[in-house]
Visitor: 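This is the structure, below, for whatever I ask next.
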Protein chains: 2
Amino acid sequence: MHKKAAGRCPKAGRRKQDMRSSQVSDEGQLSLRKAESRRRSATRAVTMADVAQAAGVSTQTVSRALRDPRSVGPDTLARIEEAVRETRYVQNLAASHLASNRSMTVAAIIPTISASIFAETIQGLTDVLLPEGYQVFLGHTDYMAAREESLVRSFSGRRPDGFFIIGTRHTQETTALLKRTGVPVVESWSWTNRPVDMLVGFSNHAALMSVVDHLVGRGYRRLAFTGVMKPGDHRAKERLKGFQDAHERHFPGVTPRVVTVTSGPMVMATGVELLKLVREQHPDTDAVVFVSDVLASGALLACSGLGISVPKDLAITGFGNYDIAGQLTPGLTTIAIASRRIGTESANLLLRRMQGSEVENRTQDVGFELLVRGSA
Amino acid sequence: MHKKAAGRCPKAGRRKQDMRSSQVSDEGQLSLRKAESRRRSATRAVTMADVAQAAGVSTQTVSRALRDPRSVGPDTLARIEEAVRETRYVQNLAASHLASNRSMTVAAIIPTISASIFAETIQGLTDVLLPEGYQVFLGHTDYMAAREESLVRSFSGRRPDGFFIIGTRHTQETTALLKRTGVPVVESWSWTNRPVDMLVGFSNHAALMSVVDHLVGRGYRRLAFTGVMKPGDHRAKERLKGFQDAHERHFPGVTPRVVTVTSGPMVMATGVELLKLVREQHPDTDAVVFVSDVLASGALLACSGLGISVPKDLAITGFGNYDIAGQLTPGLTTIAIASRRIGTESANLLLRRMQGSEVENRTQDVGFELLVRGSA
DNA sequence: GCATTTCATGTTAGCGGTCACGCGAACGCT
DNA sequence: AGCGTTCGCGTGACCGCTAACATGAAATGC
């Protein structure tokens, strides 16, 4: 809380570096001079001016040396580097951001961090962005459109250089906000013909259709779809729609069996519950299509205990190709998504745009892959 | 890229609000006057001055209204709120940060996002911090001390108001950097008597000892420890140490069986490999202690295929109480950690300190719980 | 050899907010 | 009525850094 002894030139304005020693060793110098000019409780932090003085150059030269070392003379550079080291200077990026109007940050908004499948995407995103000097802000919506909107709003205050967001369905206001920021935006994990800006995704609808096609091809006829369907989870809705549309194509006029709950945790135990629900409501079901591997593997694990033989009595499919899917016996038939790649591709798109170049393809379909294993 | 037409008062300095219309509709006004004062390619963004003008007050009043609505008169507040709405003003937090020396951010550093167990912690952290206006920066180290150091360094540039970090073992430089920031720091997921600042964790060592105690109590005598032990994963090392120490107490002089690999993905398939390795190197092993549930459940699932009866032929234990642990048959005996609570407690500690108050207990032991299920 | 370009560095004026303080009006108390 | 307080709002000076321009010396061109 100590104030620092600054010059008190009543007119000259900011003269400060001429007061400080070039070392940081004067910790706790409490000489609160009388005519001290008003001073906010500033950080005692080392500033660029300290480095400049230590190196005997102007702050501008320090700034240049930091952002592009080749733009200053080699010996000057060496002196500056030494000065940075001895003063333990850490650049204040907020000041840099304000002056340069580039924040070197990317805002990422995902439904939930806990779903390891999204975590992979974020890992991919940061793996590409961090080495380029960008930092990633993370927020999660818990599948609530209102939270997404408020996140976008509050993140906008940081003036990120780019947005990454999972999902393509937003409130009107969210879309407007995103567009107004004027920075590149990548939507992902879904598909739309009218992205806000860029898109790295795939069709959940088509993926589920391919699941149904496969099941029907294997001779299953009484298919049911089940899962936790949070109101804001549009990807789940698209999957359901894909199921319904494929079902209608194969069995025109037959009402598809759909058993969903709108809340509840996305855990394996929930999958077991849903399996039971399906069998209660539609006892003759011969194939259960789960909205996620988490639920499907819970159900699959429970089958032996319930006396159900998979895939003979019942086929089970999942979505996401989680780690567990390949470890179960029988293996879980599922849709594999290049989750990490969504992150890296998105980062690359953002990077190019943030660095000023245009990108040719603003939409990228990473596709999906039907992995047929023993469960169906 | 259009410059904006600003006042050119050669002396008065920033007079700008008197030039702009209060609406944002003058897009693209390209009147580059001759004597135009030098202008950087600034954002055309709405500033607080625009809002102030629209509301007929000073910027200071707008600032006050935004940060503490009760500090201005009710009708003034209403006018300002209306002005904010009509100008679509979004506060520039970088400027706020620079002026106020508070960034309203917390930097979080974790080993990997993909481990859902850490994701829970982050979710807890942000759930508490976001409503308070703090945003969370996330970085992952992939268990590399050097990356941790460089993350701390680059995050420091943002002048976060707090640090959250998983682990208590850092490079000397990392520790020094953290201390020098002068902001509150919470270390977590481990235990130490000399935390950098605050600590929310538990003893991995004690947890593993309780696992061994339990196994020995159940009559198992030939225990093996196995897992992926990345060089920078100190929590894994503490668990191993706990295993070894407990083993020594129960079987003095007997060399404990330890089978580890230093690299490889933390997936279930790796658990199967490790199980096979253990049985190759120590065929008479009757209990395998895994460093993580991921590996343990992989192994447990593989057992029936390998003709191993659990827990009769072989006991298996894990760590973390992942979702799957309770769904397997038999259930996986493991250590449960209040992973989410680590996040929320850490956030609360940080919050109090960031808001200026001291905290009485700078260390918090969230403990662990041995969950005995069928596998051991 | 002198004008022109290039290179390395310095100077000036902000970026968009907030802090400390000032000041007048309304309020409270004796 | 007189005077100290509180309340509501404005003024001026920065926060630490960088864009744009300026400058002088060395390198280059004809």
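Numbered from 1 within each chain, the chains take letters A, B, ... in sequence-line order. Because the structure is predicted, anything quoted here is derived from the model rather than measured. Only heavy atoms go into these numbers, but all of them, side chains included; no hydrogens, no water, no symmetry mates.
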Visitor: Before accepting this row, confirm whether a basic side-chain N of the pair B:E82/B:R85 lies closer than 4.0 Å to the acidic partner's carboxylate O.
Guide: yes
Visitor: Using whole Å, what does the distance between atom C1' of nucleotide D:dT18 and atom CE of A:M48 come to?
Guide: 8 Å
Visitor: So, OP1 or OP2 of C:dC21: does either fall under 4.0 Å of a side-chain N or O from B:Q60?
Guide: no
Visitor: Check DNA chain C against residues 63-80 of chain B and give the residues with a non-hydrogen atom under 4.0 Å, in numerical order.
Guide: B:S63, B:R67
Visitor: Work out which heavy atom in B:L77 is nearest to a heavy atom in B:A65; give both atom names and the distance.
Guide: CD1-CB, 4.0 Å
Visitor: Rounding to an integer number of Å, can you tell me how far A:R159 CZ sits from D:dT18 P?
Guide: 19 Å
Visitor: Could you tell me which non-hydrogen atom of B:S154 sits nearest to which non-hydrogen atom of A:L93, and how far apart they are?
Guide: O-CD1, 4.2 Å
Visitor: Please check the phosphate of C:dG10 (OP1 and OP2 only) for any side-chain N or O of A:T61 closer than 4.0 Å.
Guide: yes
Visitor: Which whole-number value in Å describes the distance from A:L98 CG to D:dA19 P?
Guide: 12 Å
Visitor: Nearest-Å distance, CG (A:N101) to P (C:dG16)?
Guide: 7 Å
Visitor: In terms of heavy-atom contacts, does CD of B:Q355 have more than 12 from other residues, nucleotides or ligands at under 6.0 Å?
Guide: yes
Visitor: Which heavy-atom pair separates A:L178 from A:V152 by the least distance, and what is that distance?
Guide: CD2-CG1, 3.9 Å
Visitor: Can you name the closest pair of heavy atoms from B:S188 and B:F164 and give their distance?
Guide: OG-CZ, 3.3 Å
Visitor: If you compare every side-chain N and O of B:S58 against the phosphate oxygens of D:dC9 (OP1, OP2), does one of them come in below 4.0 Å?
Guide: no
Visitor: From NE2 of B:H97 over to C1' of D:dG16, roughly how many Å is that when rounded to an integer?
Guide: 10 Å
